[in-house]
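Starting from 1, each residue takes its place in the sequence as its number.
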Amino acid sequence: MPRILDRIDSPADLRALSYDELEQLAREIREELVEIVRSIGGGGHLASNLGVVELTLALHRLYDSPRDKIIWDVSHQVYVHKMLTGRKDRMYTIRQYGGLSGFADRRESEHDIFGAGHAGTAISAAVGIATARDLKGEDFHVVAVVGDGAMTAGMAFEALNHAGDLGLNILVILNDNAMSISPNVGALSRNINKLRIDPHYRKAKQEIGNLVEHLPLGKTMWQRAKRVKASVRDLLVPASFWEQFGFEYYGPVDGHDIRELEATLRAIKQVKGKPVLLHVLTEKGHGIPEAAADPVKSHSGTYWLKQTPPDAPPPPPTYSQVFGQAVAELMEQDERVVAITAAMLEGTGLAPVQKRFPRRVFDVGICEQHAVTFAAGLATQGLRPIAAIYSTFLQRGFDQVVHDVVVQGLPVIFAMDRAGFVGDDGKTHQGFIDTSYLRCLPGMVVSAPKDEAELRDLLYTAVQYEDGPFAVRYPRGTGPGTPTNRPMQRLEIGKAELLRDGTDVVLLGFGAPVSECLRAAQILEEFEIDAAVVNARFAKPLDEELILELASRTRGVVTAEENVRAGGFGSGVLELLADRRMADKFLVSLTMPDAIVDHGPQKTFRKLYFLDAEGIAFRVREVLGALRDEERQFPPMAIR
């Protein structure tokens with residue numbers, strides 16, 4: 001039997017479908033979503049997309065995209081939107097190198113009105129688009145779909161305040177599923193979700209519904225009883241909260257009942273002269289029992305379909321897991337240690353730590369700015385806060401890092417997960433500038449481990465350091481596999497590690513590239529090039545003595561790091577050599593490119609940008625003039 005989904009090539013194709021066909025289409029979409037995420041080996045956004053199937057169908061039936069502007073906050077719930085807007089046949093390439101983005105992407109489709117990968121941006125973008133519409137005298141609808149997790153971001157409320165002040169004709173849909181990736185936290189989240197658990201509201205609604213349906217006009221009367229329902233709702237839910245921002249509040253409505261959604265959206269389209277907030281209740285993972293049963297695990301994969309042989313060895317721990325284990329040990333040893341994350345308990349490895357130390361691990365919601373200043377406040381009282389924030393998200397709290405931590409010289413520890421090439425999450429998540437924006441700050445220690453054991457040592461060192469902020473950056477995924485069962489050791493700040501001596505060239509690695517530098521040195525041996533290899537450990541302060549000594553007795557220095565060139569570790573080495581009138585000893589800096597890097601495997605990008613062993617060895621031979629003619633003509637990498 002042909003699928004209805006196979007007949008859908010654009011949003012216009014949805015409008016001729018009956019409600020029975022729409023329900024069948026929703027089931028087919030969910031089955032397809034599971035198969036898509038399964039086929040790409042997990043790592044896709046599953047549970048969040050399963051929860052917005054009916055909402056996406058209703059929006060694309062009632063609004064004329066791309067003329068009407070539908071903006072998705074965070075946008076990890078846009079897979080259904082992509083399937084309905086001409087990208088159905090490419091969905092199996094999602095988050096793959098050269099394939100579709102896992103987020104909204106303006107360069108990918110005219111239906112992707114605003115690209116996103118960080119939370120809290122959609123309402124601000126909607127306000128900008130609607131204001132431009134009004135200034136230009138145009139006429140179209142603007143809709144921002146915002147998860148309740150994103151509503152913990154302060155930026156969302158700044159935008160709500162501005163929209164209400166302007167009286168803009170926009171619709172904000174609050175997609176309330178009680179989750180971001182981790183369960184939502186905070187007083188606001190508790191108030192929004194009161195309807196889910198309040199038996200008085202549910203009982204009152206049911207009793208009124210039963211009463212009205214038994215009256216002569218039955219269900220018709222129930223549809224006309226909106227005022228009664230609203231009165232009951234307002235007794236229990238602070239709809240006036242949203243109205244204080246100047247918004248007309250509608251809801252809550254069942255986000256999986258497409259009839260109710262469409263009826264409500266039709267009514268809202270008639271509202272003029274003020275912004276509207278529609279509160280929609282959805283279930284993350286809806287329609288797939290296994291996904292709904294564990295929305296945290298199913299956020300990024302089909303965990304229940306994975307077949308692991310019973311005798312298979314356990315996978316090596318990721319850097320995030322090693323970090324979490326180290327934090328737990330530090331908390332056992334030192335009661336001053338506390339940890340902070342911004343809605344990323346699972347992602348940063350802190351979920352098991354919170355279970356052991358619930359009063360000392362703080363998930364503050366999607367608000368990195370608050371997380372940083374909260375850490376600063378803790379530090380003023382003698383505690384040792386570890387702020388575990390992805391590199392890409394710490395950017396959002398940069399002013400707080402400067403003003404509230406650095407200016408005051410407070411000993412806050414920044415643990416920056418996902419530094420460097422991040423992989424499938426792509427352009428919005430690449431950790432490509434943290435070394436640069438932290439290295440320029442006075443008094444900031446900037447470090448990166450060569451392996452898992454050194455991550456533990458750097459964290460231990462950071463906790464002991466009293467003189468100011470200390471940053472540790474580390475990559476996504478697993479490391480070289482160094483055992484982590486020995487006690488943590490204190491390292492000398494600003495002291496590098498000579499892993500291999502050499503007479504021809506120095507390979508200075510910072511962080512993840514160190515192991516590739518060691519392999520590159522072995523490759524160079526085959527070409528009779530003797531390379532020293534240094535694990536820098538610190539981009540600030542540098543081990544000036546070691547770098548200068550090695551540079552003085554070799555042909556020069558090659559640096560390797562997963563950060564952009566401008567202001568990075570290599571820039572620091574060049575500055576040092578230039579100050580000592582040894583700039584001619586700086587041969588080349590291997591870095592992430594001066595470009596926005598898209599999604600794809602970390603291994604692929606390390607090869608493309610000469611940051612794997614073969615690429616490093618090739619570039620060393622190139623700068624030393626040791627390439628054969630055919631190698632110059634046909635380099636092994638696709639991008640130079």
Legend entry - Flag, side chain of Asp504 to backbone of Asp530, donor-acceptor distance under 3.5 Å: yes

Legend entry - Donor-acceptor under 3.5 Å (Asp112 side chain, Arg106 main chain): no

Legend entry - Taking every non-hydrogen atom, the tightest pair across Ile340 and Leu350: O-CD1, 4.3 Å

Inset, instruction - Mark yes or no: Arg537 above the aromatic ring of Phe510, with NZ or CZ under 6.0 Å from the six-membered ring centre and no more than 45 degrees from the axis. - result: no

Inset, instruction - Report the distance from atom CZ of Phe610 to atom CG of Leu590, rounding to the nearest 0.5 Å. - result: 8.5 Å

Inset, instruction - Determine, for Arg418 against Asp434, whether the closest basic-nitrogen to carboxylate-oxygen distance falls under 4.0 angstrom. - result: no

Inset, instruction - Provide the closest heavy-atom pair for Pro475 versus Ala512 in the form atom of the first, atom of the second, distance. - result: CG-CB, 4.1 Å

Legend entry - Trace of the side chain to side chain contact (heavy atoms under 4.5 Å, CB included) decision for Met331 with Val353: CA-CA 9 Å; Met331 286 186 173; Val353 187; 3.8 Å; yes

Legend entry - Exercise: identify the closest heavy-atom pair between Ser571 and Ala566: OG-C, 4.1 Å

Inset, instruction - Indicate yes or no for a side-chain donor-acceptor contact from Glu622 to the backbone of Leu627 under 3.5 Å, with no hydrogens or angles considered. - result: no

Inset, instruction - Give a yes or no on whether the backbone of Tyr79 and the side-chain of Asn49 come within a donor-acceptor separation of less than 3.5 Å. - result: yes

Legend entry - Check: Ile413 and Ile386 side chains under 4.5 Å, non-hydrogen atoms: yes

Inset, instruction - Return yes if a side-chain donor-acceptor contact under 3.5 Å exists between Arg553 and Thr503, otherwise no. - result: no

Inset, instruction - Go through the side-chain N and O atoms of Arg486 and Thr484 and say whether any donor and acceptor fall under 3.5 Å apart. - result: no

Inset, instruction - Might you work through the side chain to side chain contact (heavy atoms under 4.5 Å, CB included) test for Phe569 and Thr559, ending with a clear yes or no? - result: CA-CA 8 Å; Phe569 165 70; Thr559 63; 4.0 Å; yes

Inset, instruction - Carefully, step by step, assess Tyr97 and Phe605 under the rule ring-ring contact (aromatic ring centres under 6.0 Å, His included). - result: CA-CA 9 Å; Tyr97 179 63; Phe605 286 114; 5.6 Å; yes

Legend entry - From Lys540, Arg439, Arg580, residue fulfilling salt bridge (charged side-chain N to carboxylate O under 4.0 Å, His left out) relative to Glu575: Arg439

Inset, instruction - Tell me, yes or no, whether the heavy-atom count around Glu528 atom CD, taken from other residues, nucleotides or ligands under 6.0 Å, exceeds 12. - result: no

Legend entry - Asp417 side chain to Thr348 side chain, donor-acceptor N/O pair below 3.5 angstrom: no

Legend entry - side chain to side chain contact (heavy atoms under 4.5 Å, CB included) between Thr392 and Gln430, intermediate numbers included: CA-CA 6 Å; Thr392 183; Gln430 304 287 1; over 6 Å; no

Legend entry - Pairwise side-chain contact, Val534 with Leu499, heavy-atom cut-off 4.5 Å (strictly under): no

Legend entry - pair Met582-Leu548: side-chain heavy atoms closer than 4.5 Å: yes

Legend entry - Expected output: side-chain Arg95 to main-chain Gly102 donor-acceptor under 3.5 Å: no

Inset, instruction - Mind telling me whether Phe470 and Tyr465 have parallel, tilted or perpendicular rings, with 30° and 60° as the class edges? - result: perpendicular

Inset, instruction - Show your working on salt bridge (Lys or Arg N to Asp or Glu O under 4.0 Å) between Glu108 and Lys82 and close with a plain yes or no. - result: CA-CA 10 Å; Glu108 189 176 285; Lys82 287 176 185 261; 2.5 Å; yes

Legend entry - Heavy-atom side-chain proximity of Glu561 to Ser589 below 4.5 angstrom: yes

Inset, instruction - For the pair Gln96 (side chain) and Gly600 (backbone), establish whether a donor and an acceptor sit closer than 3.5 Å, ignoring hydrogens and angles. - result: no

Inset, instruction - Sort out for me which residue in Leu455, Val463, Asp457 forms a side chain to side chain contact (heavy atoms under 4.5 Å, CB included) with Met488. - result: Asp457

Legend entry - Close side-chain approach of Asn535 to Glu454, heavy-atom, < 4.5 Å: yes

Inset, instruction - On the 0 to 90° scale, with breaks at 30° and 60°, tag the Trp72-His81 ring pair as parallel, tilted or perpendicular. - result: tilted

Legend entry - Residue pair Tyr390 / Val422, side-chain heavy-atom distance below 4.5 Å: no

Legend entry - Any donor-acceptor N/O pair, Gln602 side chain to Phe421 backbone, under 3.5 Å: yes

Inset, instruction - Over 60° means perpendicular and under 30° means parallel, so classify the ring planes of His45 and His76, tilted if in between. - result: tilted

Inset, instruction - Please step through side chain to side chain contact (heavy atoms under 4.5 Å, CB included) for the pair Arg555 and Val505, ending with a clear verdict. - result: CA-CA 5 Å; Arg555 296 173 67 181; Val505 68; 5.6 Å; no

Inset, instruction - Would you indicate whether Asp584, at its atom CG, is surrounded by more than 12 heavy atoms from other residues, nucleotides or ligands within a distance under 6.0 Å? - result: yes

Inset, instruction - Run through Leu394, Val402, Asn563 and flag the one making a side chain to side chain contact (heavy atoms under 4.5 Å, CB included) with Tyr437. - result: Leu394

Legend entry - Residue pair Ala453 / Thr482: nearest heavy atoms and the distance that separates them: CB-CG2, 3.8 Å

Legend entry - Minimum heavy-atom distance between Pro449 and Leu458, given as atom pair plus value: N-CD1, 3.6 Å

Inset, instruction - Verify, without hydrogens or angle tests, whether Arg606 (side chain) and Pro513 (backbone) share a donor-acceptor contact under 3.5 angstrom. - result: no

Legend entry - Side-chain donor or acceptor of Gln321 paired with backbone N/O of Thr318 under 3.5 Å: yes

Legend entry - CA sep, side-chain torsions, deciding dist, call: His599, Phe103, ring-ring contact (aromatic ring centres under 6.0 Å, His included): CA-CA 10 Å; His599 53 276; Phe103 300 94; 9.2 Å; no

Inset, instruction - Kindly indicate whether the side chain of Arg456, heavy atoms from C-beta on, has any atom under 4.5 Å from the side chain of Val322. - result: yes

Inset, instruction - Please step through salt bridge (Lys or Arg N to Asp or Glu O under 4.0 Å) for the pair Arg500 and Glu525, ending with a clear verdict. - result: CA-CA 12 Å; Arg500 169 185 171 137; Glu525 278 186 343; 2.8 Å; yes

Inset, instruction - Output yes when Lys88 and Glu32 qualify as a salt bridge under the 4.0 Å nitrogen-oxygen rule, no when they do not. - result: no

Inset, instruction - Give a yes or no on this: more than 12 heavy atoms of other residues, nucleotides or ligands lie within 6.0 Å of atom CD of Glu545. - result: no

Inset, instruction - Side-chain contact test, heavy atoms from C-beta onward, threshold under 4.5 Å: evaluate it for Gln464 versus Thr461 and give yes or no. - result: no

Inset, instruction - Give a yes or no on whether the backbone of Ser48 and the side-chain of Gln77 come within a donor-acceptor separation of less than 3.5 Å. - result: no

Legend entry - Residues Glu614 and Arg619 bridged, charged N to O under 4.0 Å: no

